[in-house]
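I have placed the structure first, in the form of structure tokens, so that the comments after it can refer back to it.
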Amino acid sequence: MKYCQRCGRKVTEQTQNCPHCGIKQENPTEVESKHCKKCDQLIPVNANYCSHCGADQAFFYYEQSKPEKTEPTTQTVIEPKMTKSSEQTVALPKNESIHPGLIVSTKLMIHDLFSISKRIGRADYWWGFLGLNLMSVAAGIIIGVILSLTQMFDPSLTDSLYRLLLSGWLAFIYITITTAQVRRLHDCEWSAWLIFAKFIFVVGDVFIIYAMLQPQATAKAKYTFQEKKHPN
């Protein structure tokens with residue numbers, strides 16, 4: 001077994017394209033390469049995860065050095081203990097997408113529709129926000145065409161169908177953007193409860209825009225770009 005270079009999930013040795021994320025598994029001897037930060041094996045330079053050990057390349061791994069054997073002396077040497085928080089220092093990329101853009105960031109935002117236990121970078125958020133607004137324009141045109149055809153064949157259904165289609169689309173957009181805003185708050189290392197400020201008339205909208213423009217913070221790194229798993 002090996003690990004997907006993009007999503008980190010287990011795949012077979014013969015896998016050319018990951019069945020989970022669809023990314024092609026590159027041969028490090030055929031492309032620009034780097035060494036895994038944990039196992040030091042050769043991997044493609046753009047790999048998010050090591051295909052050998054599955055280590056997330058967004059993390060730095062430090063091994064605790066073993067004390068060298070010395071001759072016994074009368075002086076007592078107290079060795080410093082490495083705490084759990086000092087075993088590794090987190091270095092996150094600015095965005096989950098390698099190259100944030102209109103299509104890739106919009107797909108990421110839709111994919112994480114119901115996900116709030118992770119981050120989303122500033123560029124990914126705003127590209128995804130733009131993509132959803134452009135999709136709303138296209139959806140409005142499609143809904144208009146559907147309603148026009150309905151009016152021709154059965155006018156009595158037009159009003160009910162309009163309410164159904166509009167409500168469904170608005171619910172999809174609202175949930176997608178709201179959960180993305182929670183993930184953006186995580187990326188700024190602000191409390192996710194601040195999302196409720198958006199319900200304050202005018203002031204809430206201004207606050208959310210301000211929050212979404214804030215840079216990434218990694219002092220605590222409670223959340224990463226991977227879904228945080230909760231213990232059963």
Side-chain angles (χ1 to χ4, degrees), residues 6-7 9 17-23 94-188 190-216 223-230:
R6 173 62 175 81
C7 68
R9 297 182 182 179
N17 293 84
C18 177
H20 305 288
C21 65
I23 295 299
K94 294 297 183 182
N95 294 276
E96 184 173 352
S97 302
I98 299 176
H99 301 292
L102 182 61
I103 297 177
V104 66
S105 299
T106 303
K107 289 173 64 178
L108 175 64
M109 189 176 284
I110 295 174
H111 176 269
D112 291 336
L113 171 63
F114 298 110
S115 176
I116 59 173
S117 299
K118 58 183 296 190
R119 296 172 176 247
I120 185 172
R122 181 166 54 180
D124 270 332
Y125 172 81
W126 284 110
W127 276 115
F129 184 82
L130 175 61
L132 288 176
N133 280 276
L134 294 176
M135 286 176 61
S136 294
V137 174
I141 296 174
I142 295 173
I143 291 175
V145 172
I146 294 174
L147 294 177
S148 298
L149 295 174
T150 305
Q151 183 70 23
M152 292 172 56
F153 294 102
D154 192 349
S156 62
L157 294 176
T158 304
D159 185 62
S160 299
L161 185 60
Y162 168 72
R163 294 175 184 273
L164 177 64
L165 293 176
L166 183 62
S167 299
W169 181 257
L170 290 179
F172 165 73
I173 292 296
Y174 187 81
I175 294 173
T176 305
I177 291 179
T178 300
T179 54
Q181 289 169 345
V182 172
R183 298 194 299 276
R184 187 80 262 278
L185 289 172
H186 287 161
D187 193 46
C188 301
W190 290 10
S191 172
W193 292 104
L194 291 174
I195 193 64
F196 291 105
K198 70 184 296 181
F199 299 108
I200 303 175
F201 182 68
V202 179
V203 176
D205 294 329
V206 173
F207 169 76
I208 288 296
I209 294 174
Y210 171 77
M212 298 302 102
L213 291 172
Q214 297 308 298
Q216 182 187 76
Y223 296 93
T224 66
F225 292 117
Q226 298 298 315
E227 184 74 17
K228 186 176 182 179
K229 296 181 179 180
H230 298 280

Determine, stepwise, if the pair Asn95 / Tyr125 fulfils side chain to side chain contact (heavy atoms under 4.5 Å, CB included).
-> CA-CA 9 Å; Asn95 294 276; Tyr125 172 81; over 6 Å; no
Among residues at least two apart in sequence or on other chains, which ones pass side-chain contact (heavy atoms from CB on, under 4.5 Å) with [X]?
X	result
Phe114	Ile175
Ser97	Pro100, Val104, Ser105, Leu108, Asp124
Phe153	none
His20	Cys7, Arg9, Val11, Cys18

Looking at residues at least two apart in the chain, or sitting in another chain, which of them share a ring-ring contact (aromatic ring centres under 6.0 Å, His included) with Tyr223?
->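 Testing Tyr223 for ring-ring contact (aromatic ring centres under 6.0 Å, His included), a comparison that skips the adjacent residues, returns His186.
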Qualifying residues under side-chain hydrogen bond (donor to acceptor under 3.5 Å, both in side chains), relative to [X], sequence neighbours excluded:
X	value
Arg119	Asp187, Glu189
Thr176	none
Asp112	Lys118
Ser148	none

Where is the tightest heavy-atom contact between [X] and [Y], given as atom of each residue plus distance?
X	Y	answer
Thr106	Gly131	OG1-CA, 3.3 Å
Phe225	Gly121	CE2-N, 3.7 Å
Gly22	Asn17	O-ND2, 3.6 Å
Ala180	Ile120	O-CG2, 3.4 Å
Ser115	Arg183	O-NH1, 2.6 Å

From [X] atom [atom1] to [Y] atom [atom2], the distance as rounded to the nearest 0.5 Å:
X	Y	atom1	atom2	answer
Thr150	Leu161	OG1	CG	4.5 Å
Thr158	Leu149	OG1	CG	10.0 Å
Glu96	Met109	CD	CE	11.5 Å
Ile195	Ile208	CD1	CD1	4.0 Å

Apply side chain to side chain contact (heavy atoms under 4.5 Å, CB included) to the pair Leu102 and Leu134, showing each step before the final yes or no.
-> CA-CA 10 Å; Leu102 182 61; Leu134 294 176; 4.0 Å; yes
Would you confirm whether Trp126, through its side chain, and Met212, through its main-chain N or O, come within 3.5 Å as a donor-acceptor pair?
->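 Yes; judged by distance alone, with no hydrogens or angles, the pair exists.
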Min side-chain heavy-atom separation Ile173-Asn133 under 4.5 Å |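 No, too far: nothing below the 4.5 Å cut-off.
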Decide if atom CZ of Phe199 counts as having more than 12 heavy atoms of other residues, nucleotides or ligands within a radius under 6.0 Å.
->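 Atom CZ in Phe199 is crowded, with more than 12 foreign heavy atoms closer than 6.0 Å.
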Name of the residue among Gln216, Arg184, Lys94 meeting side-chain contact (heavy atoms from CB on, under 4.5 Å) with Arg122 |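 Among Gln216, Arg184, Lys94, the one meeting side-chain contact (heavy atoms from CB on, under 4.5 Å) with Arg122 is Arg184.
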List the atom pairs, with distances to 0.1 Å, where a side-chain N or O of residues 162-169 and a protein N or O form a donor-acceptor pair under 3.5 Å, not counting sequence neighbours.
from	atom 1	to	atom 2	distance (Å)
Arg163	NE	Asp159	OD2	3.1
Ser167	OG	Arg163	O	2.7
Trp169	NE1	Ser136	OG	3.2

Sequence neighbours excluded, every pair satisfying side chain to side chain donor-acceptor pair (under 3.5 Å) that has a member inside residues 192-205 =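 Only Thr178-Lys198, Gln181-Lys198 qualify under side chain to side chain donor-acceptor pair (under 3.5 Å).
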